[in-house]
Each structure stands twice: as structure tokens, then as C-alpha cells.
Amino acid sequence: MEINSRQDIIDILKDDTINEQLFSYADKVRHENVGDEVHLRGLIEFSNICKRTCKYCGLRCENRVLERYRIEPDDIILFAQKAVEMGYKTIVLQSGEDEYYSTDKMCKIISKIKELDVALTLGVGEKSFGEYKAYKDAGADRFLLRIETTDKELYKQMHPNMSFENRVRCLKDLKTLGYEVGSGCLVGLPDQTIESLADDILFFKEIDADMIGIGPYISHPDTPLKDCNNGSFELSLKVMAIVRILLKDINIPATTAMETLNPNGRIIALQSGANVVMPNVTTTEYRKKYEIYPNKICINEDPSQCRGCISAKIKSIGRTISTGYGFHRK
Ligand code: SAM
Ligand code: SF4
Ligand code: FES
């Protein structure tokens, strides 16, 4: 399968007769470049408080219906310890943009978790160069910050009082500081075009991303986009498969949003280019409240149930669970 230009990407995204061929080619590229191991990352969703108003997201500060929580630093460290005991070699700390966690607090959490001999990923939004540097100096290894869309007009519509240029600045700062950088996009935002999805894929190549997460947009009833349709599972999978073919050796998660739209979504994704899964290691009491979109999977399970569930699924398709840190092997 030849993908040499923007037009090739657009043609593939628009042609649904070649989907199976695309998925099996992406699976082959995955096998040849990153092997059959699946890296599990233990995800701690430590605060659902956010100062931003991204129009698609249930955590946006203007959503007054959502019950808010934040987990204290000592408890975050405890969750990380439990995840390590369960076998996780990477911890991911994700949250809304919550200023309660000062740079000092974050750095203490980071350095304590790093004492557990794990790789540490942050997904805490837009910060200054100085803040990113402090986190890095404290031991953080990786950072997730999706560009969401490279269509500047759509970006502006979806993100009141935010700027596309600052988002790109953040991604560049993270690279400069030596993080492994993860980005990605939402698929199916209202008025998003196939052409702009092709541009998103080219953007990931341009910034030399180490990880790319692709997820369908899922409509949340307590947001301004409540009347919009969900994104398509198939189209998200196609974007992900093309990313694998073009950025051969990066890490690509089978995203939770994919499984929310398709009960076997993560396994299908693992067979179409993905090599990472991020099971939730936050305790059950918080899961319902981290409602970025409705019907999120695993909200009634606990960390050990998720570990058991996903391990069995991975083994059932003949793949193995990695015991390493799972850094980007260039
Ligand atoms: N606040 C940080 C940020 O925005 O980077 C991290 C947490 S945020 C909840 C993580 C990701 O959730 C975002 O990058 C976005 O792509 C995704 N997300 C938010 N609302 C969503 C929705 N309605 N459907 C699918 N994904 C969504
Ligand atoms: Fe906040 Fe992230 Fe949701 Fe935007 S996507 S509202 S920054 S949690
Ligand atoms: Fe959570 Fe399957 S991964 S229940």
C-alpha cells in the first residue's frame, strides 16, 4: 500500500473498500517495527477540575453538573505504588488543568513516583517552558498533549480563549526538553474535514512524535456540543492505521474512546497498528466522575479487575505483555 502524499492519505480515508487491507498492512508494519509486545501504562486520573472550556469535554469548567474531585499528592503516590505492585512499568498522571497542583507539588509527586523504578508520563495540559522543565528535572519521562485538530479555524471554535500557536509551542518545548512527546487528534469533531485529518497525520510526522493517540469524538450531554453526532470508530481506526504506516516505530495506544464506541475496540485497534493500552488504575470511587464523555468503559471496575481483563484479552490474540518500560525504540 503506497502512502506518499497528502492526496494518498485523503484517498485512503475516503475509500472504505480498502479498509481491511489498510488494517492488515498497519498490523504488519506494527509487527515488523515494534514487535508483538503490548505495553501497559497504568493511568491515574488524579483531578477532574479544569480551568479550560474545551467545547467537547465533560470536564470543562462551565459544566456545573459534574461532581468534582482532586486526589491528594500522598494518595496519588499510593495509587502509583499499587500499580507498580500489579506489574505496571509506566505510570501516567492525567488531569484537567487544575492549578491546585503547583509546580512544587507536581515535582514532589513526580520524584516520589520515580523512586518506584517506573517510567512516568504526564498529561496535565498546557504549561510554561519553566514548568515543563521543572517536571523533567524532577524525573518525568514523557508527556501527552494532543493537538486535537490542526484545522486552525476549527481549533479556535472548539477551544475558547486558547491558541493553536501556544499548543504547538508546548509540543516544541517538550521536545526541546527531551521528553518523549505524545500527541494525537480527535476524529469526528463537528465540521472537521477528511483533508484536515490528513493534515493532522502529516503534523504528527513533522513534530517527530514518539506516541500518537487517536480517539473518536464522543458527544457529552452537558457540553455545548450535546446535539452533535459521535465520531466514527472506523474512521478513527483508519487514521490510526495510517499513522502506524507513516511513523513506523512509535508507540500507539488502543484508546479507551475506541472501546467506548465498539465493545471490542481496543483489541481491533491492537490488530490494526496499536501496541499500547492504558488501563485505569484509579480506584472505582473516582472513575465515574472523570467523565470526559458518557458511557466510558471500566467505571465500575477496580484496578486489579482491569489488569486481569485486559491481560486476558491481549493473550487471547496471541500477543504478550511487555515487562519493560516501553520507551520509543527508534
Ligand atoms: N487536560 C489535559 C489535556 O487536555 O491535554 C488532559 C486531560 S483531557 C481529558 C485528555 C483528552 O481527552 C484530550 O486530549 C481530548 O482529546 C480527550 N477528550 C476530551 N473530551 C472528549 C470527548 N468528548 N470525546 C473524546 N475524547 C475527548
Ligand atoms: Fe480541560 Fe483537557 Fe477537558 Fe480541555 S480536554 S476541558 S483542558 S480536561
Ligand atoms: Fe477495565 Fe476491561 S479493562 S474492565
Side-chain angles (χ1 to χ4, degrees), residues 40-63 66 68 92-99 101 121-127 143-149 155 158-162 166-167 170-171 174 182-190 200 212-226 228-231 233 236 253-261 263-267 277-282 284 287 289-314 316:
L40 296 183
R41 323 290 201 195
L43 173 66
I44 304 176
E45 297 166 333
F46 67 91
S47 166
N48 71 353
I49 296 172
C50 188
K51 66 178 185 190
R52 305 280 185 192
T53 54
C54 307
K55 284 204 179 140
Y56 42 80
C57 179
L59 307 193
R60 64 200 306 277
C61 62
E62 287 171 5
N63 177 8
L66 183 70
R68 304 283 171 168
V92 182
L93 298 182
Q94 204 196 70
S95 69
E97 290 199 23
D98 181 355
E99 286 177 355
Y101 302 90
T121 307
L122 302 176
V124 296
E126 296 183 15
K127 305 282 171 186
F143 204 101
L144 304 176
L145 187 74
R146 288 182 175 174
I147 193 70
E148 317 290 2
T149 174
Y155 188 92
M158 292 294 117
H159 303 101
N161 306 316
M162 288 170 77
N166 193 50
R167 198 89 174 163
C170 289
L171 290 166
L174 291 163
S183 194
C185 63
L186 283 166
V187 175
L189 287 169
D200 295 353
I212 290 295
I214 306 291
Y217 156 68
I218 301 172
S219 182
H220 191 300
D222 303 316
T223 65
L225 304 186
K226 61 176 184 293
C228 298
N229 292 328
N230 288 343
F233 171 74
S236 309
T255 57
T256 305
M258 285 193 180
E259 187 122 333
T260 301
L261 290 191
N264 204 26
R266 287 176 302 176
I267 289 299
V277 181
M278 295 166 56
N280 202 323
V281 296
T282 324
T284 320
R287 292 187 179 199
K289 297 181 193 159
Y290 202 82
E291 196 195 46
I292 54 186
Y293 47 76
N295 305 317
K296 211 166 146 226
I297 57 162
C298 307
I299 54 168
N300 296 315
E301 279 75 17
D302 67 25
S304 73
Q305 284 170 309
C306 286
R307 175 91 193 182
C309 161
I310 198 66
S311 302
K313 287 187 184 187
I314 290 166
S316 77

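Order of listing sets the numbers, starting from 1, for every ligand and every atom in it. All of these numbers come straight from a predicted model, not from anything done at the bench.
Only the side chain of R146 comes within 4.0 Å of ligand 1, counting heavy atoms alone; its backbone N, CA, C and O stay farther away. Residue contacts with ligand 1 for R167 involve side-chain atoms from C-beta outward but no N, CA, C or O (heavy atoms, distance under 4.0 Å). Contact annotation for S219 and ligand 1: no heavy atom of the residue comes within less than 4.0 Å of the ligand. Residue contacts with ligand 1, taken as heavy atom pairs separated by less than 4.0 Å, involve C57 via backbone and side-chain atoms alike. With a 4.0 Å cut-off on non-hydrogen atoms, R266 touches ligand 3 through its side chain and not its backbone. Of all the heavy atoms of F143, none lies under 4.0 Å from any atom of ligand 1, so neither backbone nor side chain is involved.
Of the candidates C170, S95, G182, the one placing a heavy atom closest to atom 7 (C) of ligand 1 is S95. The residue from R52, E148, R60 that puts a heavy atom closest to atom 16 (O) of ligand 1 is E148. For atom 9 (C) of ligand 1, the candidate residues are I292, T149, I218; the nearest heavy-atom contact is made by I292.
Within 4.0 Å of atom 23 (N) of ligand 1, at least one protein heavy atom is present. Within the 4.0 angstrom cut-off, atom 13 (C) of ligand 1 has one or more protein heavy-atom neighbours.
Under a 3.5 Å cut-off, the side chain of T223 and the backbone N or O of G58 do not form any donor-acceptor pair. Proximity of a side-chain donor or acceptor of N48 to a complementary backbone N or O of K289 within less than 3.5 Å is detected. Counting only distance, with no hydrogens or angles, the side chain of R167 and the backbone of M162 share no donor-acceptor pair below 3.5 Å. At distances below 3.5 Å, not a single donor-acceptor pair connects side-chain atoms of R41 with backbone N or O atoms of M278. Side-chain N or O atoms of Y56 include none that pairs as donor or acceptor with a backbone N or O of L225 at under 3.5 Å.
Nearest approach of T282 to P303, heavy atoms of both residues: O-CG, 3.8 Å. Across all their heavy atoms, E259 and I267 have their closest contact at OE1-N, 4.3 Å. Here the closest heavy-atom approach between residue G215 and residue R146 is recorded as N-NH2, 4.0 Å. Counting all heavy atoms, side chain and backbone alike, P279 lies closest to I310 at CG-CG2, 3.8 Å.
In summary, the atoms of ligand 1 found under 4.0 Å from a heavy atom of G123, numbered by their order in the structure, are 6 (C). Using a 4.0 Å cut-off to heavy atoms of G96, the atoms of ligand 2 that qualify are 8 (S). Using a 4.0 Å cut-off to heavy atoms of Y290, the atoms of ligand 1 that qualify are 7 (C), 9 (C). Below 4.0 Å from some heavy atom of C50 lie the following atoms of ligand 2, by number and element: 1 (Fe), 6 (S), 7 (S), 8 (S).
Nearest protein neighbour of atom 27 (C) of ligand 1, counting heavy atoms only, is L186 CD2, 3.8 Å. The nearest heavy-atom contact from the protein to atom 10 (C) of ligand 1 is Q94 NE2, 3.9 Å. The single protein non-hydrogen atom nearest to atom 25 (C) of ligand 1 is P216 O, 3.3 Å, given as residue, atom name and distance. In terms of protein heavy-atom proximity, atom 3 (Fe) of ligand 2 is nearest to C57 SG, 2.4 Å. In this structure, atom 20 (N) of ligand 1 lies nearest to the protein heavy atom Y56 CD1, 3.3 Å.
Here R287 does not pair with E301 in a salt bridge; the nearest charged N to carboxylate O distance is not below 4.0 Å. Here K296 pairs with E45 in a salt bridge; the nearest charged N to carboxylate O distance falls below 4.0 Å. A salt bridge does not link E126 with K51: none of the charged nitrogens is closer than 4.0 Å to a carboxylate oxygen.
Counting non-hydrogen atoms of neighbouring residues, nucleotides and ligands closer than 6.0 angstrom, the CG atom of N229 reaches no more than 12 such neighbours.
Among the backbone and side-chain atoms of C54, none of the N, O or S atoms lies under 2.8 Å from atom 1 (Fe) of ligand 2.
Taking the centre of each ring, Y101 and F46 come in below the 6.0 Å mark.
Rounded to the nearest 0.5 Å, atoms OG (S95) and CG (L59) are 9.0 Å apart.
Listing protein N, O or S atoms at distances below 2.8 Å from atom 1 (Fe) of ligand 3, with waters left out, gives C298 SG, C306 SG.
In the model, H220 has a side-chain atom that pairs as donor or acceptor with a side-chain atom of E291 under 3.5 Å.
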